[in-house]
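Everything numeric in this text was worked out from a predicted model, so none of it was measured. Below, read A as the first sequence line, B as the second, and so on, with proteins coming before strands; counting in each chain starts at 1.
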Amino acid sequence: MKVLCVAEKNSIAKAVANHLGGGNVPARDVQGCRFVKNYDFEFNFPLWGNCQVTMTAVTGHLHSNDFPGNYRGWRNCDPVDLFDAPIEQYVSDDKKAIERNIERQAKYASYLFIWTDCDREGEHIGTEIRKAAWQGNARLKEPGKVVRARFSNIERTHILNAARNPVMLDEAQADAVASRIELDLRIGASFTRNLSLFAQPILRERGFGDEKQIVSYGSCQFPTLGFVVERYFRVRNFVPEDFWTIRIMHEKDNIRTNFIWARRHLFDRMSVVILFERCLVARTARVTKVQTKPTSKWKPLPLTTVELQKCGSRFLRLSSDRVMQVAEQLYQKGWISYPRTETDQFDKVMNLQPLVQKQTQGGPWAAFAQGLVNGGFSQPRNGRNNDKAHPPIHPVNFVNPSALTNEEQRVHEFVVRRFLACCSEDAKGSKTEVSIAYGSEAFNASGLMVLERNYLDVYPYDKWTSSQQLPEFTESEVFEPAEAKIHGGQTSPPSYLTEPELIGLMDANGIGTDATMAEHIAKIKERSYVVARPRGRQPRQEGEEGSDDGASPERASNSGRGGRGRGRGRGRGRGGRGAANASSNNNNNNNASSSGATSGVQEFIPTTLGMALIEGYDNMGFEISLAKPFLRKEMELRMKAICEGKKTKQEVVQESIDQYRSVYLQSQRRLDALRNVSCVCLDRSSEMLTCERPFGNTSSLKSFQRHDSLIWPNNILLAFQNCKINTKNYCMGSTQSRNHH
DNA sequence: GCAAGGTC
């Protein structure tokens, strides 16, 4: 009896073949494909007995989808026709050899055993493999002849178990993917052609963009752009707000201690003055609490793709798509595990110690790794995510860094250090808190002493350092503060969206997958919807705060580029996907100096084109807004409904197509109106643009009255006549500051 | 020349 096994990629085929074949199974080249090999061995399946097995693979999806030839020319049809045009499924030329290989190997097979990843896309790829096998051997169409393996890692026992317990392909999941493919194609192609053919010329007439510029719409790239634009307007429309705080300083044992007001700050000066006077009247402060307790800074979670990309931007100064390219190379060369994973848990049965052992051979982390081998090892923490297909990213072999390119070295070093950090103990410290009552008010001071650095020694990307020691205070001690004063400050705007923040937002809102998020970001750059620049230059706000001294100012007021000091360190522990906020790190402790190496991080500014696209669609008043992330979520919910058997593929596709076609037709009507729009472009040579009456419609200037001068990123001002910028939507600054209470 | 999803 012969069994044909087919995996989603060669690395899985190889690993499975070696497990089932009991050792090093030789690889046979397949003519015409570089990345696919065939592996022959014998295996005893419980149901089928001892079988001749051929194990091979595809390279992701086998099929492509496109419209027939007469619809391919952009001017051959009205783009609206693409909502119901036929769609052809075919195997592209570069995959023909893979298809032929499956047909040929299936010829004498009694069973087809599919080993694609256990996710929705994997289920669909399974049906593509099945089709190829059926072309080669129609007997495989008989019931029970096609099965698939359920597996979530490539540990030997797990794989053996999967081989002995095959299940059926999940047709519903495959259908969900089929509808995703169809909708993305129809909606993407129709809107992209519409924008490029009809909107772009209007822009070009007014001097924006060149003839060949594609203006694209995609269900992922548009919300990605939307995040950048939303933040841009939040920064632009930010109105600084005055606040006041009370600062207490006391000097004891020659140590100056600054106490922070328990109320942080208030936005009403009179109230602060009254409270301050009560303090002065009381004259003395009394120590109400002195507490020293152990604290720790948790080691990082096992590395996912999203986290790798965020850290790449933050610590390695590499853009997310570059990090992925480099990680892919490291994976290809066999130094690190598969780089596209959502999993932040190591399977309990996975033996990590040998992997640590390998890192003792060299590199600046060798001694640390040796320490782990000698008893310092600690089982990694478990995150909340498990894609059931891949383990967290980790080094699988030792490589001498000098054998790598510079970029490879940086990414590889990060992966190794992260892994070793995961296998270490948390950092331990001792935290002292002193509280005082002064008049009616409470004030706090705290000090940190780091006792055991542990994982921090191998993971320089986290910072946790001792603060100055507090002098000895005792409970009920009474003293007269050396200094008490009111300090005024102003809230400052948030910064433009950085790449790690954008990735966090995409992740939280389900925009793209671990493998594609970086591509979507790269795409909106390529399409000139946004520009990326190193963070640092901050828009000037009128009357930005001038701190009167350097002593521990409020975070909300001290930074030209942060302004969200207290929002940091919320941690990865978001309640599943769906939170609209990006988290920045996963530490349980945010009172010490936070990660500092952010100077090289990129931030994104929308171009005029990017803003016009988002604002244009946002302001058309449709029941669905193409730029908002929940549209993608809705598609996700519909796919889920297919998976659960609540809806059919046809229902979902029809429903969505009708919805999008309606939006398409409405926007087409608006586009016609756009041709008559007045549009003013001032001083294209300088970055500074004075907006006098550029919108043709003065009411649309409302939200900009505070800032008569706007800096436009690419010297262009474009305005849609009907494009109102809604202050309510974007002026978030003051609300945010008040959240500090 | 369009999308997003796999993978190399």
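- We find that CG of A:Asn101 is positioned 16 Å from C1' of B:dT7, with the value rounded to whole Å.
- For the residue pair A:Asp347 / A:His158, no side-chain donor-acceptor distance below 3.5 Å is found, with atom types taken as modelled.
- Near DNA chain B, meaning a heavy atom under 4.0 Å from it, residues 114-123 of chain A has A:Asp117, A:Glu121 in order of number.
- Less than 4.0 Å separates DNA chain B from at least one heavy atom of each of the following residues of residues 55-73 of chain A: A:Thr59, A:Gly60, A:His61, A:Asn65, A:Asp66.
- Distance check, rounded to the nearest 0.5 Å: CG of A:Asp184 to OG of A:Ser219 gives 4.0 Å.
- The nucleotide whose nearest atom lies closest to any side-chain atom of A:Lys9 is, among B:dC2, B:dG5, B:dC8, B:dC8.
- Nucleotide B:dA3 holds its P atom 11 Å from the CZ atom of A:Arg193, rounded to whole Å.
- Regarding A:Met635, its CE atom lies at a distance of 14 Å from the P atom of B:dA3, rounded to whole Å.
- Between the CG atom of A:Asn76 and the C1' atom of B:dC2 there is a distance of 14 Å, given to the nearest Å.
- Residue A:Gly188 is the one, among A:Gly188 and A:Ser11, whose nearest nucleotide of DNA chain B lies closer to the 5' end (criterion: closest heavy atom).
- There is no side-chain donor-acceptor pair under 3.5 Å between A:Gln309 and A:Ser320.
- Residues that satisfy the ring-ring contact (aromatic ring centres under 6.0 Å, His included) test with A:Tyr217, not counting sequence neighbours, are A:Phe191, A:Phe222.
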Check against salt bridge (Lys or Arg N to Asp or Glu O under 4.0 Å), A:Glu99 and A:Lys95: CA-CA 6 Å; A:Glu99 183 191 36; A:Lys95 305 236 164 154; over 6 Å; no
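- In this model, the phosphate group of B:dG1 is not approached by any side-chain N or O of A:Ser196 to a distance below 4.0 Å at OP1 or OP2.
- Across all strands, A:Phe222 comes closer than 4.0 Å to no nucleic acid atom at all (heavy-atom distances).
- Picking from B:dA4, B:dG5, B:dC8 the nucleotide with the shortest atom distance to the side chain of A:Lys95 gives B:dC8.
- The 5' end of DNA chain B is approached more closely, in terms of each residue's nearest nucleotide, by A:Thr192 than by the other of A:Thr192 and A:Ile125.
- Proximity of the aromatic rings of A:Phe151 and A:Trp115 is defined here by a centroid distance below 6.0 angstrom, and this criterion is met.
- A:Arg180 comes within contact range of at least one nucleobase, with a heavy-atom separation under 4.0 Å.
- In this view, A:Arg104 satisfies the salt bridge (Lys or Arg N to Asp or Glu O under 4.0 Å) rule with no residue, not counting sequence neighbours.
- For B:dG1, the base is stacked against the aromatic ring of A:Trp74, per a cut-off of 5.5 Å between centres and 30° between planes.
- Under the 4.5 Å side-chain criterion, counting only non-hydrogen atoms from C-beta, A:Trp335 is not in contact with A:Glu408.
- Of the side-chain N and O atoms in A:His520, one or more sit less than 4.0 angstrom from OP1 or OP2 of B:dG5.
- One atom, CE of A:Met517, and another, P of B:dG6, lie 10 Å apart when rounded to the nearest Å.
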Next on the checklist: With side chain to side chain donor-acceptor pair (under 3.5 Å) as the criterion, how do A:Ser319 and A:Gln602 come out once you've worked through the C-alpha distance, each side chain's angles and the decisive distance to 0.1 Å?
Outcome noted: CA-CA 8 Å; A:Ser319 68; A:Gln602 298 269 302; over 6 Å; no
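- Atom CD of A:Glu519 is separated from atom P of B:dC2 by 14 Å (rounded to the nearest Å).
- Contacts with DNA chain B (heavy atom under 4.0 Å) in residues 639-651 of chain A: none are found.
- Ring to ring, A:Tyr331 and A:Tyr338 are close: their centroids are under 6.0 angstrom apart.
- Interface remark: the A:Arg34 side chain does not form any donor-acceptor pair with the B:dC8 base, using a distance-only criterion of under 3.5 Å.
- Between A:Ile614 and A:Leu225, the closest side-chain pair of non-hydrogen atoms falls below 4.5 Å.
- Within residues 327-335 of chain A, the residues approached by DNA chain B to less than 4.0 Å at the level of any non-hydrogen atom are A:Glu328, A:Tyr331, A:Gln332, in residue-number order.
- Residue A:Arg527 places at least one side-chain N or O under 4.0 Å from the OP1 or OP2 atom of B:dA3.
- Between A:Lys523 and the phosphate of B:dA3, there is a side-chain N or O to OP1/OP2 separation shorter than 4.0 Å.
- Under 4.0 angstrom from either OP1 or OP2 of B:dG5 there lies at least one side-chain N or O belonging to A:Thr516.
- Below 30°, between 30° and 60°, or above 60°: for A:Phe419 and A:His394 the angle between ring planes is between 30° and 60°, a tilted geometry.
- Looking only at side-chain heavy atoms (C-beta outward), A:Asn38 and A:Met55 stay at 4.5 Å or farther from each other.
- If you look at A:His61 and A:His124, their ring centroids are closer than 6.0 Å.
- Here B:dC2 presents its C1' atom at 13 Å from CD1 of A:Ile87, a figure rounded to the nearest Å.
- Residue A:Tyr529 contributes atom OH, which lies 10 Å from atom C1' of B:dC2 at whole-angstrom precision.
- Shown here for A:Ser179 and A:Val653, the closest heavy-atom pair between the two residues is CB-CG2, 3.6 Å.
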